[in-house]
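Everything below concerns the one structure shown next.
The basis for the numbers below is simple: all heavy atoms, side chains too, and nothing from hydrogens, waters or symmetry mates. Residue numbers run from 1 in the order of the sequence given.
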Amino acid sequence: MRRVEDGAREDEGRLIGRSVPRREDPRLLTGRGRFVDDVTLPGTLHAQFVRSTVAHGEVTAIDLDGVRAVPGVVAAYTADDLQLGDITAQLARPPEEFVPTAMPVLARDRVRYVGEPVAIVVARDAYAAEDGVEAARVGYAVRPPVTDEAAALADDAPLLHAEAARNTLVDVRSFATEGIDEIFAAAHRVVRVEARTGRQNALPLETRGALAHWDDREEQLVLHTCSQVPHQVRTVASRCLGLAERAVRVVVPDMGGGFGLKCVVGREEIAAAAAALRLRRPVKWIEDRKDALSASFLAREQHYDVRAAFDAAGRILALDADVVCDMGAYSCYPFTAGIEPLMAAAEMPGVYKVPAYRVRGRAIATNKAPTAPYRGVSRPQYVMVVERLFERAARELDLDPVEIRRRNLITDFPYTGVNGITYDPGSYRESLDLCERTLRDEGWYERQRAARAEGRHLGIGYSCFSERTGYGSAAFAQRKMAVVPGFDLSEVRMDPSGAVTVTTGTMSHGQSHETTMAQIVAERLGLELDRVRLHQGDTDRVAYGWGTFASRSIAVGGSAVRLAAGRLGEKLRAIAAARWEVPVEETVLGRGEVVRRGAPGTALGYRELAEIAYLRVDLLPKDIEPGLTATAAFDVFNDGTFSNATHGVVVELHADTGRVEILRYVCVEDCGVAINPQVVEGQCRGGIAQGIAGALFEQVTYDTQGEPSATSFMDYQVPTAHEIPDVAIHHLQTPCAFTETGAKGAGEGGTIGAPAAVLNAVNDALRPTGVELDDIPITPETVHRALHRRHYQESAR
């Protein structure tokens, strides 16, 4: 592990580790980006959806005659008209652990949440499509909705899916250390935290959308869409439409954010493709913000009931957890409803040495929009709960909150935890020490003491966590997914001019792949950065890929890119060696050329070698094929790799208004080798903003009839730049032994650590009042209610 000072570089000639300017920015910042809604084709029609107005009910009638009479409407289709296959995600688990649920592209005989698509309307323009939607008449026999955990798990609960008893889609007891009950019984102290986290919207700047058309020349359905997983969209589209995968091409242009929302396959893009196929006309659907807030995939609503046993010195002895995740009406494809409870169950011990562990993880179905992964996937929640346990134990054992963490952090690596996961080397202790030292050196502890003497409420909170990244096929296979993501493929091709095109199966939606992937290739081959171009997001140009999620792009995709670049370099060396009639071992890659060892001044430039490979194949030996193309696959066959960080937060709680003001935010992160530190910092800051949003602001709520209450930004409270503080970021580097570049993932850490650090800081600020909070978001109303409840309790005494 080493510390990297801001701006410091060991070798200015290297590209990896340098904050080179983002290559995407000139295009994006000058309005020359090309997003789905920018794609136009002659004769494009526009689609919108008739959506359910009830949370739960039988569809008794769908009358679209009035729709078809609306001026400008070209067609309107129901599920019966299109006859599409369902979208069904699977786990290879026994029925007592997992119940699959088929999600129809358009609801047929039943609706299960407000906003579920019932019919598609296609018109000459978007306005006529909206008018057509308004003219639709759908009859429902309303059923009682299930809108919360208690209602879903009740013995007499209405069932969303007949096959799922007590509305339980996943029920897994992954770990149970023998004798754990005796450990709790004999423990010096047992602390408990029960916490709930609010339902959230990932809220990408660009909503979902699709443009589909039939290409007669290629005999292909071409689907332009904003997806993090283009090849998975192709698979689902081909199956639902009854086409060979060769007959479906998915193209993803620039994408304005995804955050996990777009790493599952939606129904609307398949319906739009079906309409285009039927009409043989281009059909475009762009999700409006109301639908994005209420009918798109949501995330996060979870309930934790967790106990921890400690000895007198504050060392944790056991952890016992019950996790219930409200997954909405259906399983998402391909991850299923198990995505959140299985993540929490497998990884909850985190950065701490937990000797004994028991956990039950459940996913329940409710009459709400379905849940998809969202940046962090359960880790912001379980880290928050575990960090609350340590805070509570520190208070009850009269220990310093930082010291109790030090006594329990993993320090010897590799470390195999009670959860069966092996953690690769990280800087858990070092990141905590540096974060605390930073806040002490800045004088925040002195300011806190002074503020409390004045009756003001300043609090300091920490969170320590790891971010499992680089999930390979082995890690996903442990979840028993029916499709097993993990590997990635890359092709690196040099043209006759010596310039290089690289493909990746990952998909950028803001992570700067055009820059960082080019840095990897350019450094590996000794090229100038502008000689490398990236292709991504096109299933006809990229052989295959699992897309971008779980911070896998650089750890897995970047490793495949580097391997492919290395193989291309080997071929360049082989051609040069043949020209010089020397062994390949006597050649080495230089800066844009192959150099002969021991012969100063003897070199062949890449352009010259490329001309031989393409234009003068008569000069190639018979054992070297023409052309300059290399491919590589990369997978992680262990438990993945673990980035880590510590976040430290200082807040002031204004008791008169209940407002929480963040005064200071420090992040000490370690994602291995940072390909581009500026990009890593951008990922940290963006993730922290989303974590703060979940801690203090954002929540999707429903009334008792299943009607969503947050359908605009008037109701769904999103923080602005005014509420998000400046973030001080310090980098540590523990290079990863399992990836080709030494890099670990960095995409989700900011979001994972922020809720716990903010919640702990708020509770530290509240300490003089005797009030504690465990649920998020912490709104001014939450604070006021807690303070008033405490006041009345004290008055009653």
Side-chain angles (χ1 to χ4, degrees), residues 197-198 200 203 375-376 380 383-384 387-388 391 401-402 431-432 434-436 438-452 454 456-465 645-669 681-699 717-730 749-769 771-784 786-787:
T197 61
Q200 280 185 265
L203 215 66
R375 200 173 194 171
V383 166
M384 184 189 84
E387 292 296 288
R388 289 296 302 135
E391 291 280 325
V402 174
S431 66
L432 175 61
L434 179 55
C435 190
E436 184 201 26
T438 300
L439 290 179
R440 288 195 181 278
D441 289 348
E442 291 178 357
W444 286 105
Y445 282 86
E446 289 80 2
R447 295 188 208 184
Q448 182 187 46
R449 284 191 288 271
R452 286 185 174 173
E454 297 169 2
R456 294 164 53 213
H457 300 279
L458 250 67
I460 300 173
Y462 294 91
S463 66
C464 300
F465 63 93
T646 296
H647 290 195
V649 179
V650 182
V651 305
E652 181 166 4
L653 188 141
H654 300 274
D656 54 342
T657 64
R659 183 172 69 91
V660 175
E661 179 184 4
I662 300 177
L663 304 178
R664 187 61 168 147
Y665 204 113
V666 175
C667 167
V668 181
E669 70 81 31
E681 290 187 8
Q683 290 289 303
C684 288
R685 289 193 170 93
I688 286 167
Q690 288 181 304
I692 291 172
L696 299 178
F697 297 96
E698 296 180 13
Q699 184 172 22
Q717 296 298 307
V718 181
T720 67
H722 179 72
E723 287 82 28
I724 302 299
D726 186 28
V727 178
I729 298 175
H730 300 273
T751 312
I752 294 169
V758 171
L759 179 58
N760 284 335
V762 169
N763 277 303
D764 190 43
L766 287 168
R767 187 178 300 276
T769 72
V771 169
E772 280 194 84
L773 302 174
D774 290 319
D775 297 345
I776 59 172
I778 310 162
T779 64
E781 293 81 3
T782 302
V783 175
H784 262 297
L787 289 173

Side chain proximity check, [X] to [Y], heavy atoms < 4.5 angstrom:
{"X": "Asp775", "Y": "Thr782", "answer": "no"}
{"X": "Met384", "Y": "Phe465", "answer": "no"}
{"X": "Glu387", "Y": "Asn760", "answer": "yes"}

Rounded to the nearest 0.5 Å, how far does [atom2] of [Y] lie from [atom1] of [X]?
{"X": "His784", "Y": "Thr657", "atom1": "NE2", "atom2": "OG1", "answer": "6.0 Å"}
{"X": "Glu391", "Y": "Asn763", "atom1": "CD", "atom2": "CG", "answer": "8.0 Å"}
{"X": "Arg659", "Y": "Thr779", "atom1": "CZ", "atom2": "OG1", "answer": "14.0 Å"}
{"X": "Ile776", "Y": "Gln200", "atom1": "CD1", "atom2": "CD", "answer": "7.0 Å"}
{"X": "Thr769", "Y": "Leu787", "atom1": "OG1", "atom2": "CG", "answer": "5.5 Å"}
{"X": "Ile692", "Y": "Tyr665", "atom1": "CD1", "atom2": "OH", "answer": "5.5 Å"}

Tell me the closest heavy-atom pair linking [X] and [Y], and the distance in Å.
{"X": "Thr646", "Y": "Cys464", "result": "OG1-SG, 3.7 Å"}
{"X": "Gln699", "Y": "Gly198", "result": "NE2-CA, 3.7 Å"}
{"X": "Glu698", "Y": "Pro777", "result": "O-CG, 3.7 Å"}
{"X": "Ile688", "Y": "Cys667", "result": "CD1-CB, 4.1 Å"}
{"X": "Ile662", "Y": "Val651", "result": "CG1-CG1, 4.2 Å"}
{"X": "Thr751", "Y": "Gly687", "result": "OG1-O, 3.0 Å"}

Going by the rule side chain to side chain donor-acceptor pair (under 3.5 Å), which residues pair with [X] if we only count those two or more places apart in sequence or in a different chain?
{"X": "Arg456", "value": "Glu454, Glu652"}
{"X": "Glu661", "value": "His654"}
{"X": "Arg664", "value": "Glu442"}
{"X": "Gln683", "value": "Arg375"}

Could you list the donor-acceptor pairs under 3.5 angstrom formed between side-chain atoms of residues 719-729 and any protein atom two or more places apart in sequence or on another chain?
residue : atom : partner : partner atom : Å
Thr720  : OG1  : His722  : N            : 3.2
Thr720  : OG1  : Glu723  : OE1          : 2.5
Glu723  : OE1  : Thr720  : N            : 2.7

Main-chain N/O of Val668 paired to Ser431 side chain as donor or acceptor, under 3.5 Å: no
Restricting to ring pair (Phe, Tyr, Trp, His ring centres under 6.0 Å), what partner residues turn up for Tyr462, sequence neighbours left out? none
List in chain and number order the residues that pass salt bridge (charged side-chain N to carboxylate O under 4.0 Å, His left out) with [X], two or more places apart in sequence or in another chain; answer none if no residue qualifies.
{"X": "Glu446", "result": "Arg449"}
{"X": "Glu772", "result": "Arg388, Arg392, Arg395"}
{"X": "Glu669", "result": "none"}

Any pair counted as salt bridge (charged side-chain N to carboxylate O under 4.0 Å, His left out), so long as it reaches residues 755-768, sequence neighbours left out: Arg452-Asp764, Asp764-Arg767
CA sep, side-chain torsions, deciding dist, call: Val666, His730, side-chain contact (heavy atoms from CB on, under 4.5 Å): CA-CA 8 Å; Val666 175; His730 300 273; 4.0 Å; yes
